[in-house]
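Note that ligands are numbered from 1 as they come in the structure, with each ligand's atoms numbered from 1 the same way.
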Amino acid sequence: MSNLKSADAWPINRRFISHTPPPTRSHCTMASSWLTPDQQAALRGIAEAMSAPGKGFLASDESAGPWLRAGHAEAKKIPDTAEMRAAYRSMLYTTPGLSEYISGVILHKETLFQSDAAGNKMVDLINKAGMIPGIKLDSAYDKAGLPGTAVGPLGHPETWDKGIDDLEKRCAEAYAQGARFAKWRNVIQIDPSKGLPSELAIDVCVKNLAHYAVICQRNGLVPIIEPELVPNGSHPIEACADATERVLSAQFAALKLFGCYLEGAVLKPNMVKNGLTGPRAAPEVVAATTIAVLKRTVPSAMPGIFFLSGETALDEDNEETATINLSTMNKMFAHLPWSVSFSFGKALQKTCIVTWMGKAENVEAAQKALLNRAKANSAATNGAYVAGTCASVGIDGNVQMAGGAY
Ligand code: 13P
């Protein structure tokens, strides 16, 4: 007789087969955690609010004016001054109705401590609008990279981010200023012919992120953990799947090693895609491959997964591509254990920036563009976005975006 149980002898987890929404998360605290039950509850409360159904993050933490990253010929001419950045970002945060689709806003340090032209603190604008402010805490990377590692498609060796040394202090300052979560993005390059990413770079990257995560948690900030495999290169989607699985497996092992409280943290991964100049994979293939990798690697204790949008080829509409991919995932996989949502920078802002172009008279139209795209991405978290129904600037004016550290 076979030792295999028949299918109906296995315990059935109704959460994955029923058509009713999954039950709310149980609120247990982990006695083994180095955090007190109160600290755990506070972190979990923030992470769950960030992961509210139908909502995602607005990544507005670009180190320079976001119009330099938008990859648009005319928009990149907008003057990159502190005043222009404040005018643009205060416009984003005061968009009427934005909190219906956006739970958290990631800020650059400049913005966290900045006020708008009328003297209102940016954090106050965000809180007043019903969203949660957070801060980007990595201090970028040196292109010199890790000695002895190969040069990847970005033109430099493999890297890791600076910023751990004074992180404790910067976390405390950000919390005092009103931030309740943080972001740290490490860049990982793919080049199968050179063995990239190397085991060494993965190890350094994931431990760097895990160290950041627990320092954040000690200071009351929910860490967004972002090991980004960039799409530069000519590799097929399979290479990205293989590398992403290696990175995420190592990432969660490192988070365990450092004692990260997963219920009070969220993941910001890349979608699994082909390289920018590689054979193009259809949205259904991107969706199926991405979810397969996440199911293999991400514990269900983590409340949310929030994709970055990433660079796209010049003949692609980056906003539509990101929304369609996200929607396809949630349509094909309706009952996942995490909120599968967005933390887009470029893919939420491009049409908004091109509509604004630095002019006060365009504010209302630009806010509408942001709201429309945020609404489209919210629909995508339910698998309900219909391609082509959100107006976008499309590929008109597409130029190479400014690269490097976010
Ligand atoms: P994208 O602009 O690629 O969406 O990235 C957002 C981000 O926050 C990267 O860290």
Validation row, ring centre F342 to ring centre F307 under 6.0 Å: no
Please determine, by modelled atom types, if T328 and Y385 share a side-chain donor-acceptor pair under 3.5 angstrom. no
Ignoring hydrogens and geometry beyond distance, is a side-chain donor-acceptor pair present between Q400 and E311 at under 3.5 Å? yes
For a quick check under 3.5 Å, do K350 and N398 share a side-chain donor-acceptor pair by atom type? yes
Among T355, D317, T351, exactly one meets side-chain contact (heavy atoms from CB on, under 4.5 Å) together with V393. Which residue is that? T351
Does ligand 1 have any N/O pairs with the protein under 3.5 Å, and how far apart?
{"from": "ligand 1", "atom 1": "2 (O)", "to": "K346", "atom 2": "N", "distance (Å)": "2.9"}
{"from": "ligand 1", "atom 1": "2 (O)", "to": "K346", "atom 2": "NZ", "distance (Å)": "3.0"}
{"from": "ligand 1", "atom 1": "2 (O)", "to": "Y406", "atom 2": "OH", "distance (Å)": "2.8"}
{"from": "ligand 1", "atom 1": "3 (O)", "to": "S309", "atom 2": "OG", "distance (Å)": "3.4"}
{"from": "ligand 1", "atom 1": "3 (O)", "to": "G310", "atom 2": "N", "distance (Å)": "2.6"}
{"from": "ligand 1", "atom 1": "3 (O)", "to": "K346", "atom 2": "NZ", "distance (Å)": "2.7"}
{"from": "ligand 1", "atom 1": "4 (O)", "to": "S309", "atom 2": "N", "distance (Å)": "2.8"}
{"from": "ligand 1", "atom 1": "4 (O)", "to": "S309", "atom 2": "OG", "distance (Å)": "2.5"}
{"from": "ligand 1", "atom 1": "4 (O)", "to": "G345", "atom 2": "N", "distance (Å)": "2.8"}
{"from": "ligand 1", "atom 1": "8 (O)", "to": "K183", "atom 2": "NZ", "distance (Å)": "2.9"}
{"from": "ligand 1", "atom 1": "8 (O)", "to": "K268", "atom 2": "NZ", "distance (Å)": "2.5"}
{"from": "ligand 1", "atom 1": "10 (O)", "to": "K183", "atom 2": "NZ", "distance (Å)": "2.4"}
{"from": "ligand 1", "atom 1": "10 (O)", "to": "E226", "atom 2": "OE1", "distance (Å)": "2.8"}
{"from": "ligand 1", "atom 1": "10 (O)", "to": "E226", "atom 2": "OE2", "distance (Å)": "2.9"}

Step through it carefully: locate the ring centre of Y88, locate the ring centre of W67, and say whether they are under 6.0 Å apart. yes
